[in-house]
Amino acid sequence: MTAPRHVTLIDGSGFIFRAFHGLPPMTRPDGTPVNAVYGFTTMLMKLLADSQSDHVAVIFDSSRKTFRSEIYPEYKAHRPPAPDELVPQFPLVREATRAFDLPAIELEGFEADDLIATYARLAVEAGASVTIVSSDKDLMQLVGPGVDMYDPMKNRAIGEAEVREKFGVAPDKVVDVQALCGDSSDNVPGVPGIGVKTAAQLIEEYGDLDTLLARASEIKQPKRRESLIEHAELARISRQLVRLRTDAPVPVPLADLDVKPPAPEKLAAFCAAQGFRSLMGRLNAKIPTTAPTATRAIVDTASAEAPSLPPKVESDYELVTDLAALDRWVAQASKAGLVGFDTETTGLDPLRAKLVGVSLALAPGRACYIPVMHSSGEAQGDLLGGPSADAPKLIPAADILARLKPLLADPAVLKVGHNIKYDMQVMAGLGLAIQSFDDTMLLSYVLDGASHGHGLDELCLLHLGHRNISFAEVCGSGRNQVTFDRVPLDKACAYAAEDADMTLRLHGLLKPRLLLERMVSVYETLERPLVPVIAAMERDGIKVDRPQLMALSEDFGRRLTELETEVVALNNGEAFNLGSPQQLGKVLFETLNLPGGKKTKTGQWATGADVLEDLAHLHPLPARLLDWRQLSKLKGTYTDALVAQINPATGRVHTSYALAATTTGRLSSSDPNLQNIPIRTEEGRKIRHAFVAEPGKRLISADYSQIELRLVAHVAEIEGLRDAFADGADIHAITASQVFGVPLDGMDSALRRRAKAINFGIIYGISPFGLAAQLGIPQGEAKAYIEAYFARYPEIRTFMERTKEEAREKGFVTTLFGRKVFTPGIKDKNGAMRAFAERAAINGPIQGGAADIIKRAMIRLPAALVAEGLKARLLLQVHDELVLEAPEDETEATVRVVKRVMEAAATLSVPLLVEAGIADSWDAAH
DNA sequence: TATATCACG
DNA sequence: GACGTACGTGATATAA
């Protein structure tokens with residue numbers, strides 16, 4: 001055993017809480033929450049990977065009671081108990097520590113911070129340097145000669161300078177400052193009225209707390225003086241609370257913290273037990289190459305001297321500003337056949353944003369940034385207006401594009417992007433096509449569904465334990481935000497190259513999982529090929545008739561004022577904000593004293609449409625208000641907003657489709673959302689009427705008839721339903737006839753309506769409550785209908801049970817094309833939560849299956865149109881509907897192709913039927 | 001930033 | 001016996 005040279009002390013308890021709150025929820029297959037355990041494990045892996053330490057320990061809080069609660073009972077007393085999802089993770093984190101062969105140290109009556117302080121003292125006395133791994137400001141008092149800190153959440157070293165930035169004083173005065181300003185999160189009182197700034201100023205002036213308190217009467221500001229004199233004792237107690245003990249009776253001697261040779265099998269077993277598949281991949285990759293830790297113990301004194309700071313991910317990023325360097329990178333990318341690719345632009349809208357730079361990554365840690373259009377920060381201050389002397393010299397944009405074009409188009413070089421649709425749009429605007437590509441966002445989406453988000457930063461934290469430089473750190477935020485072209489080149493390079501680097505690293509991690517987790521086909525046939533199709537749809541956009549919308553807006557506006565006057569009159573002339581549910585609730589249930597008021601879960605009056613409809617027969621106000629709400633919604637959300645969204649350059653609106661957003665595999669549309677344009681009411685339809693074709697062209701709307709119900713019939717193998725579909729005609733009337741045993745001829749419309757509601761209910765995972773609410777009938781009656789339905793179609797029950805069982809067993813259900821729809825909460829101990837998850841599980845294969853089918857159609861459609869020599873363009877997708885724009889004289893032929901492709905997109909045991917219309921407006925075509 | 005409401009499939 | 005529910009989205013205004 002050798003004497004310690006460098007000791008790393010990890011604040012385990014602090015980390016658990018931060019990881020728990022910072023990471024999305026994750027559960028083990030058995031339902032145990034493990035997000036904090038996962039964060040902890042990746043943090044340790046990363047920390048140990050290139051740690052130079054010879055002694056390492058993870059230190060935990062033991063119990064809530066410590067010597068501090070003896071001194072001051074309120075200390076940390078207001079802390080709520082740990083969340084239920086965190087409690088089972090405490091023992092697991094200690095288990096993780098042991099899996100790394102590290103000591104997990106805790107001591108009754110002492111906080112982790114005191115043990116860390118004590119070990120730090122012992123280490124320094126033994127001549128070693130110390131790194132404390134924590135983001136807790138309470139540990140900053142320990143920073144000093146031989147001791148520094150590392151914040152694993154922010155991936156940042158904390159030295160004297162950082163402490164000074166935080167507290168305004170040197171580390172050895174931190175205790176005095178904290179004693180004065182207190183700490184609300186720990187319930188340390190401090191002196192009332194004194195914050196960090198004032199405390200630092202006082203300590204700087206008087207030297208230390210005792211001197212300050214002794215000379216408090218000299219202070220000029222009267223309030224401050226009184227407070228200090230009155231609360232001197234409180235300050236002394238506070239100091240006792242914040243000062244860490246360096247004399248804790250540590251349960252394990254320092255010498256025993258020495259690093260043991262690694263036992264990767266032990267760690268792999270632990271990861272396997274927790275279901276950490278991606279970590280196992282990393283372990284397996286590492287096991288053969290990693291040298292035993294013991295031999296990595298300090299050999300050269302140089303690195304031992306400088307307290308080694310842990311581990312940034314090793315990186316070597318190059319700023320490319322000359323053609324020779326660019327050629328070198330392009331040649332190497334071309335030779336490698338694989339390159340991480342990312343673009344930086346001036347904005348989020350790919351149609352309006354200008355390209356600022358491009359980054360490439362060749363291997364983990366090896367990436368470059370090629371600026372295309374930067375105005376240096378210095379140029380701003382150049383009063384002469386000429387080019388600033390130190391303005392960076394960049395490669396001319398035309399040269400960069402000329403070099404990138406063949407690389408991006410080369411089918412032999414795989415370009416890996418994160419949300420590469422965006423980069424595709426930007427490059428398409430410059431005439432560059434991306435030929436062969438992968439998208440890490442989509443990989444993550446098909447593998448892990450909605451169990452977490454799929455942003456690059458989030459994935460890096462999750463899979464690589466690496467915190468990326470944030471956009472805000474580079475460009476600022478709020479009113480100080482600047483566009484990327486104003487960012488100094490060195491900062492821009494660090495940020496942009498990192499994105500390409502991380503994208504490539506994620507690719508290495510995620511792509512192999514496709515095969516292992518049987519997701520190759522979903523990714524290769526459903527998701528990836530859709531990217532260029534959607535990119536083209538977004539670029540094409542759809543024309544809206546601006547004058548028509550503006551006229552509508554005016555009309556709505558006028559009627560809104562009229563309605564408002566009427567409503568105010570009905571409220572005894574008392575004006576109020578009709579848009580405020582809160583004020584409306586008071587008017588209805590307090591001023592007018594209408595009966596039957598319900599409260600929402602936050603204790604406010606509920607004023608939803610259903611409530612207002614119930615009130616309509618008691619008073620004229622609710623009906624007027626419903627009208628007002630409808631028009632207000634239409635004006636605010638559609639007419640006005642849509643006009644504002646027209647792209648001046650194209651005269652069209654360009655929505656953005658999210659490919660990796662929904663739990664079921666559907667697309668979602670935003671900015672503007674074109675998947676919820678009104679149709680159900682006459683007034684609403686007027687908005688749809690303003691979506692038009694260019695002169696000489698027509699709009700075609702083609703939608704799947706009853707696709708979800710057909711999927712139910714197919715997937716659940718419901719013979720009766722299949723027959724009904726085979727017979728064609730009115731499916732709801734047929735099921736009404738079959739379920740209620742009445743003849744199809746002269747079907748009662750009320751009966752048909754009930755059958756329709758049950759048909760929909762099945763798709764949503766039916767419940768008597770839901771059906772009763774939908775139909776406005778008693779729950780008992782709804783229950784009887786469901787029983788009748790189940791009796792006629794017994795296979796539906798089997799399907800529902802089978803689906804729930806699958807969800808419980810695997811944590812997800814699958815669509816007929818193999819997409820996973822994850823079902824978190826399926827084992828929740830709360831019955832309501834579980835029921836919710838069960839209904840979602842039943843809906844998953846149905847909604848998800850329909851999403852798969854229309855995606856298949858969209859992927860095949862462009863080529864099918866080209867093959868027939870047709871010029872039609874796909875413009876919109878609305879879940880079961882496609883909207884195209886076609887030259888007037890090609891509409892008939894286009895409809896034939898569209899129908900053919902859509903109906904052949906899946907072969908089911910029931911036919912798929914597509915209904916299409918042709919017109920000048922979307923309203924008329926639908 | 002959260003909540004209530006309402007537009008769509 | 002009580003709980004709290006139809007499935008999936010996004011945009012808006014209000015209120016905090």
Side-chain angles (χ1 to χ4, degrees), chain A residues 450 576-585 599-612 625-626 628-642 644-645 655-658 661-681 683-685 687-688 703-704 706-709 712 757-775 779 782 786 803 813 821 823 825 828-848 850-851 854 876-881 922 926:
Chain A
F576 70 101
N577 186 343
L578 312 215
S580 161
Q582 194 188 47
Q583 295 180 29
L584 174 64
K599 296 280 182 86
T600 66
K601 62 171 183 236
T602 52
Q604 297 208 19
W605 292 111
T607 67
D610 49 341
V611 176
L612 297 188
L625 208 114
L626 280 170
W628 185 90
R629 277 215 183 134
Q630 190 196 9
L631 292 183
S632 162
K633 180 80 173 184
L634 293 176
K635 184 174 188 301
T637 309
Y638 298 104
T639 55
D640 295 354
L642 228 34
Q645 288 273 4
T655 184
S656 170
Y657 288 103
T662 67
T663 53
T664 56
R666 275 188 177 181
L667 302 180
S668 83
S669 157
S670 62
D671 311 295
N673 182 353
L674 296 186
Q675 288 181 323
N676 69 347
I677 300 303
I679 191 168
R680 291 173 188 173
T681 67
E683 295 300 331
R685 284 193 114 115
I687 289 164
R688 209 167 260 244
D703 69 288
Y704 282 109
Q706 303 293 349
I707 188 168
E708 294 194 341
L709 203 52
V712 171
I758 312 178
N759 277 336
F760 273 106
I762 295 296
I763 294 167
Y764 299 149
I766 202 157
S767 74
F769 178 95
L771 184 64
Q774 178 64 38
L775 286 173
Q779 233 181 104
I786 294 172
T803 308
V813 293
V821 177
T823 55
D828 200 293
K829 58 184 191 307
N830 177 332
M833 283 285 291
R834 208 169 49 238
F836 181 77
E838 286 175 354
R839 291 194 298 270
I842 290 163
N843 178 256
I846 303 166
Q847 192 183 116
I854 198 166
L876 302 179
Q877 189 252 42
V878 193
H879 309 309
D880 64 354
E881 174 190 10
W922 189 7
H926 191 84

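Proteins get letters first, then strands, A, B, ... in listed order; numbering begins at 1 in each.
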Any non-hydrogen side-chain atom of A:L642 less than 4.5 Å from a side-chain atom of A:L674? yes
Which heavy atom of A:A782 sits nearest to which heavy atom of A:A772, and what is that distance? CB-N, 3.7 Å
A:S767 side-chain N/O to C:dA6 phosphate OP1/OP2 under 4.0 Å: no
Taking 4.0 Å as the cut-off, does a side-chain nitrogen or oxygen of A:S580 come that near to OP1 or OP2 on C:dA15? yes
Side-chain heavy atoms of A:R629 within contact of A:L612, under 4.5 Å: yes
How would you label the contact of A:Q583 with the nucleic acid (heavy atoms, under 4.0 Å): base, sugar-phosphate, or nothing? sugar-phosphate
What interatomic distance, in whole Å, is found between P of C:dT5 and the corresponding atom of B:dT5? 14 Å
Looking across every strand, which nucleic acid part, if any, lies under 4.0 Å from A:E708 by heavy atom: base, sugar-phosphate, or nothing? nothing
Taking the side chain as C-beta and beyond, is there a heavy-atom pair between A:Y638 and A:N676 under 4.5 Å? yes
Does A:Q630 put a side-chain nitrogen or oxygen below 4.0 Å from OP1 or OP2 of B:dT5? no
Let me see the working for A:L876 and A:Y657 under side chain to side chain contact (heavy atoms under 4.5 Å, CB included), right down to the final yes or no. CA-CA 10 Å; A:L876 302 179; A:Y657 288 103; 3.7 Å; yes
Identify whether any heavy atom of A:F836 sits under 4.0 Å from a base atom; if not, whether one sits that close to sugar-phosphate; answer base, sugar-phosphate or nothing. sugar-phosphate
If you check every side-chain atom of A:T607, which of B:dC6, B:dT5, C:dT14 has the closest atom? B:dT5
Take A:K635 and A:D640 through the salt bridge (Lys or Arg N to Asp or Glu O under 4.0 Å) test and state the conclusion after the steps. CA-CA 6 Å; A:K635 184 174 188 301; A:D640 295 354; 3.0 Å; yes
A:L626 atom CG is separated from B:dA4 atom P, nearest whole Å, by 18 Å
Figure out the CG/C1' separation between A:L642 and B:dC8, and round it to whole Å. 14 Å
Quick one: label A:T663 by what it contacts on the DNA or RNA (base, sugar-phosphate, nothing), any heavy atom closer than 4.0 Å. sugar-phosphate
Does A:R666 make a side-chain N or O approach to OP1 or OP2 of B:dG9 shorter than 4.0 Å? no
Proximal nucleotide (of C:dA6, C:dA11, C:dG8) relative to the A:Q774 side chain: C:dA6
If you look at every strand shown and take non-hydrogen atoms under 4.0 Å, does A:G608 touch a base, only sugar-phosphate, or nothing? sugar-phosphate
Describe the nucleic acid contact of A:A851 in one word from base, sugar-phosphate, nothing, applying a heavy-atom distance below 4.0 Å. nothing
Let me see the working for A:E881 and A:Y704 under side chain to side chain contact (heavy atoms under 4.5 Å, CB included), right down to the final yes or no. CA-CA 6 Å; A:E881 174 190 10; A:Y704 282 109; over 6 Å; no
Just call it for A:N577: base, sugar-phosphate, or nothing, with non-hydrogen atoms closer than 4.0 Å on any strand. sugar-phosphate
Of the options B:dG9, C:dG10, C:dA6, whose atoms approach the side-chain atoms of A:L771 most closely? C:dA6
Closest to the A:R629 side chain, choosing from C:dG10, C:dT5, B:dT5: B:dT5
So, under a plain 3.5 Å distance rule, would you say the side chain of A:R680 forms a donor-acceptor pair with the base of B:dG9? yes
Distance-minimising heavy-atom pair for A:L667 and A:Q675: O-OE1, 3.7 Å
At 4.0 Å (heavy atoms only), tell me whether A:A641 reaches a base, stays on the sugar-phosphate, or touches nothing. sugar-phosphate
Roughly how far apart, to the nearest Å, are C:dA6 and B:dA2 at atom C1'? 24 Å
Whole angstroms only, please: what is the CD-P distance between A:Q645 and B:dA7? 20 Å
Quick one: label A:N673 by what it contacts on the DNA or RNA (base, sugar-phosphate, nothing), any heavy atom closer than 4.0 Å. sugar-phosphate
Closest heavy-atom pair, A:G765 versus A:I842, reported as atoms and distance to 0.1 Å, is CA-CG2, 4.0 Å
The nucleotide from C:dG4, C:dA6, B:dT5 with an atom nearest the side chain of A:K633 is B:dT5
Under 4.0 Å from OP1 or OP2 of C:dG8: is there any side-chain N or O of A:Q847 that close? no
Within the 4.5 Å heavy-atom criterion, are A:D671 and A:T655 side-chain neighbours or not? no
Please determine whether a side-chain nitrogen or oxygen atom of A:R839 lies at a distance below 4.0 Å from atom OP1 or OP2 of C:dC7. yes
Which whole number of Å gives the distance between the C1' atom of C:dC3 and that of B:dA7? 31 Å
What is the distance, to the nearest angstrom, from the OH atom on A:Y764 to the P atom on B:dC8? 13 Å
Between C:dT5 (C1') and A:I786 (CD1): distance, integer Å: 12 Å
What is the nucleic acid contact for A:G579, judged by heavy atoms within less than 4.0 Å: base, sugar-phosphate only, or nothing? sugar-phosphate
May I ask you to say what A:I842 touches in the nucleic acid, namely base, sugar-phosphate or nothing, with a heavy-atom cut-off under 4.0 Å? nothing
Among C:dA6, C:dG8, C:dG4, which nucleotide sits nearest the side chain of A:F769? C:dA6
Base, sugar-phosphate or nothing for A:A658? Non-hydrogen atoms, less than 4.0 Å. nothing
Distance check needed: B:dC6 C1' versus A:L578 CG, whole Å only. 16 Å
Anything below 3.5 Å on both distances counts as a pair; with that, list the stems of at least three consecutive Watson-Crick or G-U pairs involving DNA chain C. B:1-9 with C:7-15
Find the distance A:I766:CD1 to C:dA6:P and express it as a whole number of Å. 14 Å
Tell me: CG of A:L634 to P of C:dA11, nearest whole Å? 16 Å
